[in-house]
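What follows is one structure encoded as structure tokens, with my remarks underneath.
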Amino acid sequence: MKLLAQELPQPRAIQETPPPGTNQDPLIARNLQKSQYVGILGLAIALVAAVGFFSRRVEYAIMFAIALSAVLIAFFLFI
């Protein structure tokens, strides 16, 4: 009962985030996301190619797992 008698704190106003470009923080790497994705994709292709050089079955298994993962991620994102 004591909790009901206490005063609740005043709600704070929600502040809007500043528009992009106003924050010039030098520690945040901007405009590098595309190059990171290209690099990750290149590494993934190189990994599949290197594994495929030794074993075709493992290469097909990796490609199937990647494709299945992409399909499941898309499915769960859009339901």
Side-chain angles (χ1 to χ4, degrees):
M1 277 317 270
K2 186 175 182 179
L3 291 175
L4 295 176
Q6 294 176 349
E7 284 188 34
L8 295 175
Q10 294 295 325
R12 294 185 215 142
I14 298 173
Q15 294 189 0
E16 186 176 328
T17 57
T22 58
N23 187 3
Q24 300 298 327
D25 190 354
L27 297 178
I28 297 175
R30 301 190 191 283
N31 301 325
L32 292 178
Q33 192 170 10
K34 287 182 183 179
S35 61
Q36 289 173 350
Y37 285 142
V38 169
I40 291 169
L41 182 64
L43 284 174
I45 290 172
L47 176 69
V48 170
V51 170
F53 180 73
F54 296 109
S55 172
R56 285 281 178 206
R57 280 186 171 173
V58 176
E59 178 186 11
Y60 292 148
I62 290 173
M63 289 191 306
F64 177 74
I66 291 171
L68 183 63
S69 298
V71 168
L72 286 175
I73 288 170
F75 176 73
F76 286 119
L77 275 177
F78 295 115
I79 60 170

For Leu77, the other hydrophobic cluster members (4.5 Å side-chain criterion, sorted by chain and number) are Ile73, Phe78

**Message:** Run Ile45 and Leu41 through side-chain contact (heavy atoms from CB on, under 4.5 Å) and show every step you take.
**Reply:** CA-CA 6 Å; Ile45 290 172; Leu41 182 64; 4.1 Å; yes

* Asked: Pairs in or reaching into residues 70-79: which pass salt bridge (Lys or Arg N to Asp or Glu O under 4.0 Å), with residues at least two apart or in two chains?
  ->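 Every candidate salt bridge (Lys or Arg N to Asp or Glu O under 4.0 Å) pair involving residues 70-79 fails, so no pair, neighbours aside, qualifies.
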
The complete set of salt bridge (Lys or Arg N to Asp or Glu O under 4.0 Å) pairs with one or both residues in residues 70-79, sequence neighbours excluded, reads none

Sequence neighbours excluded, the answer for side-chain contact (heavy atoms from CB on, under 4.5 Å) partners of Phe76 is Leu72, Ile79

Give every donor-acceptor pair under 3.5 Å between a side-chain atom in residues 57-68 and any protein atom, sequence neighbours left out.
{"residue": "Glu59", "atom": "OE1", "partner": "Arg56", "partner atom": "NH1", "Å": "2.7"}

Quiz item: Which pairs count as side chain to side chain donor-acceptor pair (under 3.5 Å) when at least one residue sits in residues 63-79, sequence neighbours excluded?
Solution: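 Counting only pairs at least two positions apart or across chains, no side chain to side chain donor-acceptor pair (under 3.5 Å) contact touches residues 63-79.
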
Name all pairs fulfilling the side chain to side chain donor-acceptor pair (under 3.5 Å) condition that reach into residues 37-55, sequence neighbours left out, sorted by first residue then second.
->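 Passing the test, one end in residues 37-55: Gln33-Tyr37.
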
Applying side chain to side chain donor-acceptor pair (under 3.5 Å) to Gln36 and not counting sequence neighbours gives none

